[in-house]
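On a predicted model such as this, the values are computed, not experimentally measured, just so you know. In the text below, chain A, chain B and the rest are named by the order of the sequence lines, each starting its count at 1.
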Amino acid sequence: MRTNDTDQILMQRFQEGDESAFSVLVHKYQGLVLSLCRRYLGSRSPGVEDVAQEVFVRIFKARMTYEPRAKVKTWIYSITVNACLNEIRRLRSRKNRSVSTFTAVFGAAADGDAPYAGERSTGTGSTGAGPTEGLEGEEAAARVRAAVDALPEQQRLALVLARFHHCSYEEVAETMETSVPAVKSLLTRARENLRRMLRDLVEGSGVGSGALRRVAEARES
Amino acid sequence: MNDDDNRRETHREAMQIERLEPDRRREVLNAYLDDELVPAAARHVTVWLDAHPEMLKEVEHNRRVWDLLDLYEDESASPDFAAQVLAKTVRPPRRLVLLPRLAAAAAAVLVLAVGGLLLATRSGGPGPDETRDVADLSVLESVPAEYLEQADALLALSDDEFEALLLADLEEPWGGG
């Protein structure tokens, strides 16, 4: 089957033995794969680059299993998600890991539905972590990262794919091997949890807006 | 449910947003924010929101949550990331495959030279031709035959011929041996 899709052409060449096509795919997708690993595993997770490299090794080995019906990007994301899940399981099963390290990376109730570490660390509500006036730049960014890291695994993955990788609901569902209604539900709960964890930033008097403006300006330049 | 069914269902729900349960309504409003609604459904939701300021406020808060995620900036890959991946997967260039062969040939030549020198030193000068022949032969026998053949062939080549051989080897197709 012939196609005009650049990625599919690359995959076809790669399947036919042209390893330079694989090199092009690596250069094209390294940023996306790393970004997905980093945000899904959590920004403090060690060994993110190793996992991302493992993703490309799997892509290399599994190239003949790719079928042109699927988008190359979605296929690569699926492999990335599976590699991340393996990493999560590996870290969970390590007998000698310290509870604190695990909690820092995956939260206290990674399988649960409620937000955990981030909510505590971000300190919203009456037990807040102090004044947020003047909270800008790095501090606001750190809180946002902590809040995303604190989301339950599935919510975090759906959010990362939809928000940071601009996947449609269908693409998120395909990557996560779930249904579109399930994706809608995950994204709705992820938004609600983030709103709760970042309430003062969301509903406050524009706290964090300066940092947001600088991000936008940096992108435009 | 396939993709078309999902889109139809989302569209149907959006057009009935006023009658939806709160959970379903929130999902529709998030789909509205995510540009997942077809234009007609999005227009219907916009009109409905104009008449429901409380819900409009909630939508604005959810939009701000999404905007705040811009602060979660990504880091770029390390400069040698792709090189490391390719080193783990793609076969090394033919030049690197050829180098061990050349090294082996050079080693064989060195063994021959050192062997000859030792023989000359031990004999203290030119000895009977028969003795030297036997000693040279024993040294030669200790070197793998393929190395000797390669060494002979390579030493016999001119610079141009050697370069042509190297290029031909590099251009050899994958799996070509």
Supply the atom-to-atom distance [X] [atom1] to [Y] [atom2], rounded to the nearest 0.5 angstrom.
X      : Y      : atom1 : atom2 : answer
B:N30  : A:L186 : CG    : CG    : 12.0 Å
B:D67  : A:R163 : CG    : CZ    : 7.0 Å
A:R195 : B:H61  : CZ    : NE2   : 6.0 Å
A:T188 : B:N62  : OG1   : CG    : 8.0 Å
A:L201 : B:R64  : CG    : CZ    : 7.0 Å
A:L194 : B:L68  : CG    : CG    : 9.0 Å

Exercise for review: Please state whether the side chain, the backbone, both or neither of A:V26 comes within less than 4.5 Å of a heavy atom of chain B.
Suggested key: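 The side chain, not the backbone.
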**Study point:** More than 12 heavy atoms from other groups under 6.0 Å of NZ on B:K57
**Key:**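 No, not enclosed.
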When only pairs under 4.5 Å are counted, which of [options] shares the most heavy-atom pairs with chain B?
options                       : result
A:R191, A:E192, A:E54, A:K184 : A:R191
A:A52, A:S179, A:A162         : A:A52
A:Q53, A:E174, A:H166         : A:Q53

Exercise for review: Would you kindly say whether B:E36 and A:S168 are connected by a side-chain donor-acceptor distance under 3.5 Å?
Suggested key: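 Checked: B:E36/A:S168 side chains show no N/O donor-acceptor pair below 3.5 Å.
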**Study point:** Proximal component of B:E60, with respect to chain A [non-hydrogen, under 4.5 Å]
**Key:**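 B:E60 has no heavy atom closer than 4.5 Å to chain A.
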Check your understanding: Is B:L69 close to A:V148 at the side-chain level, that is, under 4.5 Å between some pair of heavy atoms?
Key ->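 Contact flag for A:V148/B:L69 side chains = yes.
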Exercise for review: Output, in order, the C-alpha distance, side-chain angles, deciding distance and verdict of side chain to side chain contact (heavy atoms under 4.5 Å, CB included) for A:Y169 and B:D34.
Suggested key: CA-CA 9 Å; A:Y169 287 1; B:D34 291 339; 2.7 Å; yes
Exercise for review: Using a cut-off of under 4.5 Å on heavy-atom pairs, state which of B:L86, B:D35, B:D23, B:L29 scores highest against chain A.
Suggested key: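 That would be B:L86.
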Point to revise | Main-chain N/O of B:F81 paired with A:Q30 side-chain donor or acceptor, under 3.5 Å | key: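 No; zero donor-acceptor contacts below 3.5 Å.
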